[in-house]
Amino acid sequence: MIVLLKVSQNTDIGLVRELNEDSILCASPDVFVVADGMGGHVAGEVASHIFTATVQRKLSSGYGPLDETGLKYLVVEGNEAILESIREYPERNGMGTTATMLHIEEQTAFWAHVGDSRLYRLRNGVMEKITVDHTYVEELLARGAISIAEAMEHPDRHKLMRAVGVDKDVNVDTGRLEVQAGDVFLLCTDGLTNMVTLQAIQTILEAADCQDKAGALVDVAKAGGGQDNISVIVVEYYEE
């Protein structure tokens, strides 16, 4: 039987931004969410908060099941809640959010994803990126139109092709993974991955003496420049 060992979470404004547009959620039963709002002065922080608050409300009402389909429709509910807010407050038009969600049930992990926040799994020394970034540059890479080096410097590298709260119909990626003892899951916004190398992230996740891995990851992102808001959830599992 696989049981939860530890969850650490942290969200930080970073060193440059005036607002923290990120929102995170760790809710029962073992549901984890990171959301990176967009819209700046338009109300990106409102969009991400509406999304996580909607998920929390649905979970509190006994929503289920929480498989791929269930998580997908939680994203759809969050999408509608943001659009409803825009209808009520037209000045919020243009706000939206990424959404990356994880639910672990016994030995299966279910996930749903929109945008460029990320879900990773660390297993036996290997970091695996589970989600695909829904960005213009990622599409160019997939077509072989640019190299990885070119992608790192592309002027449109932060341009999202999908987000929650932008269109009536939201296209949600979903999937499931087997969970093994020793697995570590990382959910994070791009304020972490744009500032910290994957190797440095893995080193922290593997540090047995680190009691607050989410906090340590935020600290290293800020040490690297802290150019964006930084949000991190680390979920560690072991076998009993």
Side-chain angles (χ1 to χ4, degrees), residues 1-12 19-39 43-89 92 95-115 117-119 130-131 163-177 179 183 185-189 212 214-215 229 231-237:
M1 177 181 178
I2 296 177
V3 296
L4 178 63
L5 173 61
K6 187 173 184 180
V7 175
S8 61
Q9 58 178 306
N10 201 312
T11 183
D12 193 281
L19 293 171
N20 189 349
E21 296 185 280
D22 290 357
S23 184
I24 62 177
L25 174 66
C26 297
S28 179
D30 290 349
V31 176
F32 311 99
V33 184
V34 295
D36 182 354
M38 63 183 199
E45 77 282 2
V46 175
S48 64
H49 177 74
I50 288 173
F51 183 81
T52 54
T54 300
V55 172
Q56 177 69 83
R57 184 174 66 253
K58 296 294 290 185
L59 293 173
S60 297
S61 68
Y63 178 92
L66 294 170
D67 56 7
E68 299 106 303
T69 300
L71 293 182
K72 174 183 176 180
Y73 282 103
L74 278 176
V75 177
V76 170
E77 292 276 358
N79 189 70
E80 176 55 34
I82 294 170
L83 292 175
E84 178 59 32
S85 177
I86 293 171
R87 287 191 288 269
E88 186 174 355
Y89 302 98
R92 294 178 179 175
M95 74 176 180
T97 186
T98 70
T100 301
M101 306 178 63
L102 174 70
H103 167 61
I104 299 182
E105 188 173 321
E106 296 181 351
Q107 292 182 266
T108 305
F110 302 98
W111 59 269
H113 168 71
V114 179
S117 297
R118 294 179 178 179
L119 170 65
I130 304 301
T131 52
V164 181
V166 175
D167 298 309
K168 180 180 178 181
D169 297 317
V170 57
N171 187 5
V172 185
D173 290 352
T174 62
R176 65 172 65 193
L177 301 164
V179 179
D183 282 351
F185 292 91
L186 168 67
L187 297 90
C188 62
T189 58
D212 180 11
N229 309 143
S231 292
V232 178
I233 301 174
V234 178
V235 184
E236 303 171 75
Y237 278 79

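Scope of the values below: all heavy atoms of this structure, side chains included, with no hydrogens, waters or symmetry mates.
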How long is the span from the [atom1] atom in [X] to the [atom2] atom in [Y], to the nearest 0.5 Å?
X    : Y    : atom1 : atom2 : answer
E84  : N79  : CD    : CG    : 12.0 Å
L119 : T131 : CG    : OG1   : 5.5 Å
T100 : W111 : OG1   : CH2   : 9.0 Å
T98  : E21  : OG1   : CD    : 10.5 Å
L177 : L102 : CG    : CG    : 8.0 Å
I24  : D36  : CD1   : CG    : 12.0 Å

Test item: [X] and [Y] side chains (from C-beta on) under 4.5 Å apart, heavy atoms:
X    : Y    : answer
N171 : V114 : no
H113 : I130 : no
I233 : V7   : yes
F185 : I104 : yes

Counterpart residues, salt bridge (Lys or Arg N to Asp or Glu O under 4.0 Å), relative to E105 (two or more places apart):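 So E105 forms no salt bridge (Lys or Arg N to Asp or Glu O under 4.0 Å) with any residue.
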[X] and [Y]: which non-hydrogen atoms are nearest, and at how many Å?
X    : Y    : answer
V34  : S117 : CG2-CB, 4.0 Å
G44  : M95  : N-CB, 4.4 Å
G215 : N10  : CA-ND2, 3.6 Å
S85  : R92  : OG-NH1, 2.7 Å
A112 : V75  : CB-CG2, 4.2 Å
G70  : Y63  : O-OH, 2.7 Å

Applying salt bridge (Lys or Arg N to Asp or Glu O under 4.0 Å), which residue pairs with at least one partner in residues 59-72 are found, sequence neighbours left out?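 Those involving residues 59-72 are E68-R176.
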Who passes side chain to side chain contact (heavy atoms under 4.5 Å, CB included) against [X], sequence neighbours left out?
X   : answer
A27 : L25, Q56, L59
A81 : I50, T54
A35 : S48, F51, T52, T97

Which residues pass the ring pair (Phe, Tyr, Trp, His ring centres under 6.0 Å) test with H103, not counting sequence neighbours?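 H103 satisfies ring pair (Phe, Tyr, Trp, His ring centres under 6.0 Å) with no residue once adjacent residues are dropped.
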Does any donor atom in the side chain of T11 or D22 lie under 3.5 Å from an acceptor atom in the other side chain?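 Side chains of T11 and D22: no pair found under 3.5 Å.
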Can any side-chain N or O of S231 pair as donor or acceptor with the backbone N or O of T189 at less than 3.5 Å?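 It does not hold such a pair.
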Examine distances only and state if a side-chain atom of S8 and a backbone atom of D212 form a donor-acceptor pair shorter than 3.5 Å.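 It does not hold such a pair.
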Might you work through the side-chain contact (heavy atoms from CB on, under 4.5 Å) test for V164 and I82, ending with a clear yes or no? CA-CA 8 Å; V164 181; I82 294 170; 4.0 Å; yes
